[in-house]
Asks: 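My questions will all concern the structure given below.
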Amino acid sequence: MSLRMNLFCLYCSTTLIFLLFLQAVCAQYRFDEVDRLLTERKQQLGNKVVTLIYKDGKMIYQKETGEDFKVETIQPIGASSKWLTAALIMTFVDKGELSLDDPVSRYLPIFSSYSKSYITIRHCLSEITGIESAPKKLNRILQKKKFASLEEEVNYFAATKDIITNPGQELFVGDVGYNIAGRVLEVISKRKTFSRLMQERITRPLTMRRTSFAAENGAEDPSGGAVSTAGEYIKFMTMLLNNGEYNGKRILSKEAIQEMHTAHNSSLPVKGIPRLAEGFQYGYGTWIQEAGKNMIIGAPSLTGTWPYINTCKNYACIVFTPPLAAEQKRDVYTAVQEEIERQISGECK
């Protein structure tokens, strides 16, 4: 047999082995039931939905429903913004520019003037500031802000909002804590806005070019004012899955991520959380659906964004829809998540 024929046979054999391997990899997950659920419930999801699953360095599932609703379609993400904000705050902690136990009044003296000097950054991240708050409704998320700047809004919180309980005593998820912490970052960074800091430290390193907190009118909103895409938000979750690294760049320390994804106030009375998160525990910007070895964490939003990570099985998923009454869609999200869990089986990483 000639040398040319031997090389040809070797090439064919190698190609065949590769194709068989690729077929085995693709066949190990069957998401037919996920497809069925998304199709069957598409009306509840606004007839438009993008679903992505990322695992072990690659996208293992992608489904787009709706001609004008794609992986890169930009939508408001509401409370899912807080996961991004918590990550930004932790970059300051990583660099020694901020301590979670710093009192807010160290950077915003107006809080001392109104008997709110005991509130710390940790209280803000944990949603236990004790300041009167209001859970965000969908129409409020989408409407224009009445404040001209984040500074003006936070000064209003300090001067006008009542302390209804001592800091650290009750969990109330609203719009106060994360906006206060966001304003602290602006003060530490002097002339940089919150949205610019987010761009420099989170979205630009993660190549999230369409994700932004910039507001055309009114104040930037660290607690719920981001817009993003399904394709970009899952990049953020990929970084978290990879212990804080993305494309060889260190974004967050492993310790910072662990701090974010720990339930810090599970024993406290719950005075106000969205029904979408009932039964979950709260970390920093994220909800812990399941703790322990089989940890599942996520940041569901009233706008229709449902991102979550299973750290045990090492995958991230996002179900992304137009702004709708997402509290009515929890059963759909739960059904999709349960089916994905059945398909991605096996031991923890």
Asks: For this output row, return yes or no: ring centroids of Phe147 and Tyr156 closer than 6.0 angstrom.
Replies: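 Judged by ring-centre distance (under 6.0 Å), Phe147 and Tyr156 do meet the cut-off.
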Asks: If you compare all heavy atoms of Gly298 against all heavy atoms of Thr286, which two are closest, and at what distance to 0.1 Å?
Replies: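 Looking at all heavy atoms of both residues, the closest pair is O-OG1, 2.6 Å.
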Asks: Which heavy-atom pair separates Ser195 from Glu220 by the least distance, and what is that distance?
Replies: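 Between these two residues, the closest heavy atoms are OG-OE2, 2.5 Å.
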Asks: For atom CD of Gln258, is the number of surrounding heavy atoms from other residues, nucleotides or ligands below 6.0 Å larger than 12?
Replies: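 For Gln258, atom CD is not crowded (no more than 12 foreign heavy atoms under 6.0 Å).
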Asks: Identify which one of Thr73, Thr65, Asp68 satisfies the side chain to side chain donor-acceptor pair (under 3.5 Å) criterion when paired with Lys48.
Replies: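 Only one option passes, and that is Asp68.
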Asks: Rounded to the nearest 0.5 Å, how far does CD of Glu64 lie from CD of Gln62?
Replies: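 Result: 5.0 Å between the selected atoms.
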Asks: Would you say the side chain of Thr321 lies within less than 4.5 Å of the side chain of Tyr333, judging by non-hydrogen atoms?
Replies: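 Side-chain contact under 4.5 Å: yes.
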Asks: Measuring only between side-chain heavy atoms, which start at C-beta, is Glu339 closer than 4.5 Å to Leu37?
Replies: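 With C-beta onward as the side chain, the pair touches.
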Asks: Within the 4.5 Å heavy-atom criterion, are Pro307 and Met237 side-chain neighbours or not?
Replies: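 Sidechains of Met237 and Pro307: in contact.
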Asks: Which heavy atom in Cys317 sits nearest to a heavy atom in Ile53, and how many Å separate them?
Replies: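 That would be SG-CG1, 4.1 Å.
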Asks: Tell me if a side-chain donor or acceptor on Asn242 pairs with a main-chain N or O of Glu245 at a distance below 3.5 Å.
Replies: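 Yes: the side chain of Asn242 pairs with the backbone of Glu245.
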Asks: Given Gln337 and Glu341, is the side chain to side chain donor-acceptor pair (under 3.5 Å) satisfied, shown in steps?
Replies: CA-CA 6 Å; Gln337 182 174 323; Glu341 284 288 296; 5.7 Å; no
Asks: Counting heavy atoms not belonging to Tyr118, are there more than 12 under 6.0 Å from its OH?
Replies: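 Result for OH/Tyr118: open.
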Asks: Does the pair Asp102 and Thr120 meet the rule for a side-chain contact (heavy atoms from CB on, under 4.5 Å), with working shown?
Replies: CA-CA 5 Å; Asp102 283 347; Thr120 67; over 6 Å; no
Asks: Are Val104 and Ile164 in one and the same hydrophobic cluster, where Ile, Leu, Val, Met, Phe, Trp and Tyr link if side-chain heavy atoms are under 4.5 Å apart?
Replies: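 Different hydrophobic clusters.
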Asks: Please enumerate all residues that pass side chain to side chain donor-acceptor pair (under 3.5 Å) together with Arg209, with sequence neighbours excluded.
Replies: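 For Arg209 there are no side chain to side chain donor-acceptor pair (under 3.5 Å) partners, ignoring immediate neighbours.
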Asks: For the CD1 atom of Ile297 and the CD atom of Gln281, what is their distance to the nearest 0.5 Å?
Replies: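 Here the interatomic distance stands at 13.0 Å.
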Asks: Just do the side-chain contact (heavy atoms from CB on, under 4.5 Å) check on Leu206 and Ile251 with the steps written out, would you?
Replies: CA-CA 8 Å; Leu206 294 175; Ile251 311 298; 4.2 Å; yes
Asks: First locate atom CZ of Arg183, then atom CD1 of Ile110, and finally report the distance between them rounded to the nearest 0.5 Å.
Replies: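 Here the rounded value is 10.5 Å.
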Asks: Quick one about Tyr54 and Asn314 (side-chain donor to acceptor, distance below 3.5 Å, no hydrogens or angles considered), yes or no?
Replies: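 Asn314 vs Tyr54: no donor-acceptor pair found between side chains.
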Asks: Could you give the distance from CZ (Phe157) to OG1 (Thr129), rounded to the nearest 0.5 Å?
Replies: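 The CZ atom of Phe157 sits 9.5 Å away from the OG1 atom of Thr129.
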Asks: Take a 6.0 Å sphere around NZ of Lys70 and say whether it holds more than 12 heavy atoms from other residues, nucleotides or ligands.
Replies: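 Check passes, neighbour count above 12.
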Asks: Would you call Glu200-Arg204 a salt bridge at under 4.0 Å N-O?
Replies: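 Looking at Arg204 together with Glu200, the answer is no, because their closest N to O distance does not fall below 4.0 Å.
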Asks: Do Lys161 and Glu132 sit within salt-bridge range, that is, some charged N less than 4.0 Å from a carboxylate O?
Replies: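 Salt bridge between Lys161 and Glu132, a charged N being under 4.0 Å from a carboxylate O: no.
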Asks: Shortest non-hydrogen contact from His264 to Thr262?
Replies: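 Scanning both residues completely, I find the closest heavy atoms to be CD2-O, 2.9 Å.
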Asks: Starting from the C-alpha separation in whole Å, work towards a yes-or-no answer on side-chain contact (heavy atoms from CB on, under 4.5 Å) for Ile89 and Leu98.
Replies: CA-CA 8 Å; Ile89 293 167; Leu98 180 69; 4.0 Å; yes
Asks: Which residues pass the side chain to side chain donor-acceptor pair (under 3.5 Å) test with Arg122, not counting sequence neighbours?
Replies: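 Residues passing side chain to side chain donor-acceptor pair (under 3.5 Å) with Arg122: Asp101, Glu259, Tyr284.
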Asks: Using distance alone, with no hydrogens and no angle criterion, decide if His261 and Trp83 have a side-chain donor and acceptor under 3.5 Å apart.
Replies: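 His261 vs Trp83: donor-acceptor pair found between side chains.
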Asks: Distance from Leu240 atom CG to Leu252 atom CG, nearest 0.5 Å?
Replies: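 One finds 7.0 Å between CG of Leu240 and CG of Leu252.
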Asks: Between Thr305 (side chain) and Ser301 (backbone), is there a donor-acceptor pair under 3.5 Å?
Replies: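 No, Thr305 side chain to Ser301 backbone: no donor-acceptor pair under 3.5 Å.
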Asks: Tell me the closest heavy-atom pair linking Pro300 and Ser80, and the distance in Å.
Replies: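 So the two residues come closest at C-OG, 4.3 Å.
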Asks: Yes or no on salt bridge (charged side-chain N to carboxylate O under 4.0 Å, His left out) for Arg250 and Asp94, after CA distance, side-chain angles and deciding distance?
Replies: CA-CA 11 Å; Arg250 170 63 62 184; Asp94 277 343; over 6 Å; no
Asks: Given Lys82 and Glu127, is the salt bridge (charged side-chain N to carboxylate O under 4.0 Å, His left out) satisfied, shown in steps?
Replies: CA-CA 11 Å; Lys82 291 182 180 179; Glu127 303 273 24; 2.5 Å; yes
Asks: First locate atom CE of Met198, then atom OG1 of Thr193, and finally report the distance between them rounded to the nearest 0.5 Å.
Replies: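 So the CE of Met198 and the OG1 of Thr193 are separated by 10.5 Å.
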Asks: In this structure, which one of Val176, Asp175, Leu171 forms a side chain to side chain contact (heavy atoms under 4.5 Å, CB included) with Val173?
Replies: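 Only one option passes, and that is Leu171.
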Asks: Should His123 and Ser126 be marked as a side chain to side chain donor-acceptor pair (under 3.5 Å) after you check the CA-CA gap, both sets of side-chain angles, and the distance that decides it?
Replies: CA-CA 5 Å; His123 290 144; Ser126 301; over 6 Å; no
Asks: Tell me, please, whether Phe280 has Arg330 positioned over its six-membered ring: NZ or CZ under 6.0 Å from the ring centre and within 45 degrees of its axis?
Replies: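 That pair qualifies as a cation-pi contact.
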Asks: Report the C-alpha distance between Tyr315 and Tyr29 in whole Å, list the side-chain angles of each, state the deciding distance to 0.1 Å, and finish with yes or no for side-chain contact (heavy atoms from CB on, under 4.5 Å).
Replies: CA-CA 13 Å; Tyr315 80 90; Tyr29 305 114; over 6 Å; no
Asks: For Phe92, does the six-membered ring have the charged nitrogen or CZ of Arg201 within the cation-pi criterion, i.e. under 6.0 angstrom from the centroid and within 45° of the normal?
Replies: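 Here Arg201 passes the 6.0 Å and 45° test against Phe92.
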Asks: Between Glu186 and Lys192, is there a side-chain N and carboxylate O pair less than 4.0 Å apart?
Replies: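 Lys192 and Glu186: not salt-bridged.
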Asks: Using a 4.5 Å cut-off on heavy atoms from C-beta on, say whether the side chain of Phe111 contacts that of Ile180.
Replies: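 The answer is yes; the side chains approach within 4.5 Å.
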Asks: Leu302 and Val227: same hydrophobic cluster, using ILVMFWY side-chain contacts below 4.5 Å?
Replies: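 Shared cluster, no.
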Asks: Considering non-hydrogen atoms only, spot the tightest contact between Phe31 and Ile60 and give its length.
Replies: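 In terms of heavy atoms, the two residues are closest at CE1-O, 3.8 Å.
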Asks: Which of these, Phe320, Tyr61, Trp306, sits in a side chain to side chain contact (heavy atoms under 4.5 Å, CB included) with Thr51?
Replies: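 When Phe320, Tyr61, Trp306 are each tested with Thr51, the side chain to side chain contact (heavy atoms under 4.5 Å, CB included) holds only for Tyr61.
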Asks: Does one side chain, of Ser228 or Thr211, offer a donor that lies under 3.5 Å from an acceptor on the other?
Replies: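 On atom types as modelled, these side chains qualify, holding a pair under 3.5 Å.
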Asks: Can you check whether Ile119 reaches Ile163 side chain to side chain, under 4.5 Å on heavy atoms?
Replies: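 Contact flag for Ile119/Ile163 side chains = yes.
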Asks: Do Arg41 and Asp331 have side chains that get closer than 4.5 Å, going by heavy atoms?
Replies: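 Yes. Closest side-chain heavy atoms under 4.5 Å.
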Asks: When you group the ILVMFWY residues by side-chain heavy-atom contacts below 4.5 Å and let the links chain together, are Ile74 and Ile318 in the same group?
Replies: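 In one cluster: no.
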Asks: With a 4.5 Å heavy-atom cut-off, do Ile77 and Tyr233 have their side chains touching?
Replies: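 Yes - at least one pair of side-chain heavy atoms lies under 4.5 Å apart.
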Asks: Under the side-chain contact (heavy atoms from CB on, under 4.5 Å) test, which residues partner Ala291, sequence neighbours left out?
Replies: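 Residues passing side-chain contact (heavy atoms from CB on, under 4.5 Å) with Ala291: Ile288.
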Asks: Is Met295 close to Cys312 at the side-chain level, that is, under 4.5 Å between some pair of heavy atoms?
Replies: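 They are not in side-chain contact.
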Asks: Just checking Lys63: does its NZ atom have more than 12 heavy atoms from other residues, nucleotides or ligands closer to it than 6.0 angstrom?
Replies: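 Check passes, neighbour count above 12.
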